[in-house]
2 protein chains.
Amino acid sequence: MEKRVTLRDVAKRLGVSTGTVSRALQDHPALNPITKARVLQMANSLGYRPNLAARFLSSRRRLVIGVNTPRDPAFFYDQVRKGIDQESAPFQMTGVEVQHRMFPRVGVGEEEAFESALDAKVDGLIVVPGGSRSLKSCIRRASQMKIPVVCLISDVTAARKLVSVSVDASASGALAAELMGRFLVGKGQVAVTSGDLTVSDHRGKCTAFERTIRAQFPAMELFPPIENHDSECEAYEKTLRLIDSHPDIDAVYISTGNGLPVLQALEERNLFGKITVLSTDLYPELIEKIQEGAVAGSMYQRPATQARIAFRLLYEFLYEGACPPARVTLAPLLVMRGNLNCFHGEDPR
Amino acid sequence: MEKRVTLRDVAKRLGVSTGTVSRALQDHPALNPITKARVLQMANSLGYRPNLAARFLSSRRRLVIGVNTPRDPAFFYDQVRKGIDQESAPFQMTGVEVQHRMFPRVGVGEEEAFESALDAKVDGLIVVPGGSRSLKSCIRRASQMKIPVVCLISDVTAARKLVSVSVDASASGALAAELMGRFLVGKGQVAVTSGDLTVSDHRGKCTAFERTIRAQFPAMELFPPIENHDSECEAYEKTLRLIDSHPDIDAVYISTGNGLPVLQALEERNLFGKITVLSTDLYPELIEKIQEGAVAGSMYQRPATQARIAFRLLYEFLYEGACPPARVTLAPLLVMRGNLNCFHGEDPR
DNA sequence: TTGAAAGCGATACCAA
DNA sequence: TTGGTATCGCTTTCAA
């Protein structure tokens, strides 16, 4: 039952005022460096920990965390936002304010949202980055302003962000491959659809899938990955072309979240039930297909969980100065018919 | 930028003191019901929300949360404790104190730990309950003392707990069945090992496994489940007897976390690589077997995540009066070779 | 049963 | 550069 060390205790021990201690603790410019050092050392040796509630109460200032997310697909990004809101709720008590900014789609309007957040003087920023070139310079500017940026869902390579949180692409692809190999008992023809192989996340899944198939199921035949470039049209057309030119195909691995046009093409040719389909992520149409048994399973990204982690890391950095690792990746969660109803269309963690 | 409604605002509007409003808000016994009603209504209509920081600051009460867990198997319960510690860390700053109490094993010494926690006047209690009869009466006494109890990992049915957090046993069994059925292409002989079918968690997995196999893979042959009753000896012996009497067996589903003796028996008879094995949970020896390809996969309970959720629900109940649902179940996470290295022996969420 | 007022632990302003 | 002190919103005695 030790009583907590307060700022007063530190002040008393040094014979200074609480104001001085407070200033020392928060790098106030007008303060003798020697005094500051003495205070810091004493605070440290007494094991002083600030009372965040008191700090929040007295300082009018709140900690503003900006969260920039695409509006659509809403089914996915609503979960991201919900994850942030749930994780941040208890921290409102210590003065955290979450400011959501939405932009139309991944990569569309993200710079404007970013600028808007910087203008609003957020203390930290969580963003779902798209491919736009200029985002990297946005992040650079934020870093110059000492505003930490957390990348969520996907990453901006080589940008000066605090941390990026995403699913382990490699594990996602490898798991899909392992399942596929076992489902097909190590033989058959498999196709892979992807988005854009220049995107590291997409490439990671394809590469891991291919590597795993070749290593563990060398008898299987693997077609070169189809790239959809996020175009529904392209996805649909290319899938049709693929299955028409390979009537003996046994399986398809849809390695990105927007596989709906692929599913439609497969349905069009009446292939459900005949071939084995593994997919990525979860959305209403896919849930239906899993329920019906048309799609064997899907590698779920757990958007809400990713968002929770992102918020938590940023909070801990801002409030406690805890530096996160450069990257945080989380395990994909296999969803099949058996565990589908754990997710009532939502990510419950 | 609307200013928040404070307790003072409510008091002023009614011409009463802040003390009265405060008392009304927290069900203080000595207060005229009429006054209380007036206050509550006014607070409501003004949209008053308490400032939790101020509340915590003025009531110098610390919130003590007791966490009672088995010491062994340490590999599993260390993760539970770590999950609690990580989730609670940011809340220590706002007055939450976590008190860990350990007892030797599930069901051994749990009452003593429970009593000790009650004696220490914890404000809330998270317990990993075992089968002991008397635990239910412990929980009843806690509920009389208005101390909320959260059951973690497994449940105590019909006890007056606040909430129980565990994995979705049904989903775990069904997922295993679905994988098994697909791996064996819908035919073959499958055995199931379990702990004790009177334990609802164990029964849930077996039942779901059986139901799913029968529904989706009717051509498969399913042996009656083997019960080990948590005895290594029994598990080992019974497994040997099983495989010796059924030399054509194709697969084994180990539906509980302590499957090591079963694995040893399978190894003894040199069956790895010949039969398909699905397991439950994750421990060093099992990780090794998955790595080698001897075990196809395992349904991971995510102990640390469960613990995080348990803490969070209790915290929100104590601090904000948020009532959780009666049960929280989470989806099992399939671990195979492909995503094994996302878990460096730990539950990263 | 209610009101008045003293803190809770920090910040920030005004003097010195 | 530092000290003293009002203040943040609420809980909780102590009186009335």
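Letters A, B, ... are given to chains in the order of the sequence lines, protein chains preceding strands, and every chain is numbered from 1.
- When the C1' atom of C:dC8 is taken as reference, atom CZ of A:R8 falls 10 Å away, rounded to whole Å.
- Proximity of A:L118 to A:M145: side-chain heavy atoms (C-beta onward) are separated by under 4.5 Å at one or more points.
- Listed pair A:T35 / D:dT2 meets the phosphate criterion, a side-chain N or O lying under 4.0 Å from OP1 or OP2.
- Close to C:dT2, at under 4.0 Å from its OP1 or OP2, lies no side-chain N or O of B:S17.
- Whole-Å rounding puts the B:R38 CZ to C:dT1 C1' distance at 13 Å.
- No contact: B:G95 has no heavy atom under 4.0 Å from any strand.
- Put simply, NZ on A:K161 and CZ on A:R327 are 7.5 Å apart, with the number rounded to the nearest 0.5 Å.
- Atom CE of A:M93 and atom C1' of D:dC8 are 15 Å apart (whole Å).
- Remark: P of D:dT1 and CG of A:D27 are 14 Å apart, rounded to the nearest angstrom.
- Going from atom NZ of B:K12 over to atom C1' of C:dA4 covers 15 Å, rounded to whole Å.
- For the pair A:S59 and C:dT11, the criterion of a side-chain N or O lying under 4.0 Å from OP1 or OP2 is not met.
- For D:dC10, neither phosphate oxygen OP1 nor OP2 lies less than 4.0 angstrom from any side-chain nitrogen or oxygen of B:S58.
- In this structure, CG in B:L63 is found 11.5 Å from OG in B:S88, a value given to the nearest 0.5 Å.
- Spacing between atom NE2 of A:H28 and atom P of D:dG3 amounts to 13 Å, rounded to whole angstrom units.
- Look at B:Q26 and you'll find a side-chain N or O under 4.0 angstrom from OP1 or OP2 of D:dT12.
- Straight-line distance from the CZ atom of A:F56 to the C1' atom of D:dC10: 13 Å, rounded to whole Å.
- Remark: P of D:dT2 and CZ of A:R23 are 8 Å apart, rounded to the nearest angstrom.
- Residue-level contact check: B:V21 touches neither bases nor backbone, having no heavy atom under 4.0 Å from any strand.
- When each of B:A53 and B:T20 is assigned the nucleotide of DNA chain D bearing its nearest heavy atom, the one mapping closer to the 5' terminus is B:A53.
- The side chain of B:L57 lies closest to C:dG9, out of C:dG9, D:dC10, C:dA10.
- Nearest to the side chain of A:N51, among C:dA10, D:dC10, C:dC13, sits C:dA10.
- Between A:F91 and B:F91, the gap from one ring centroid to the other is short of 6.0 Å.
- With D:dT1, C:dT2, C:dA5 as the choices, the nucleotide that has an atom nearest any side-chain atom of A:N32 turns out to be D:dT1.
- In terms of modelled atom types and a separation under 3.5 Å, the side chain of B:R4 and the main chain of B:R49 share a donor-acceptor contact.
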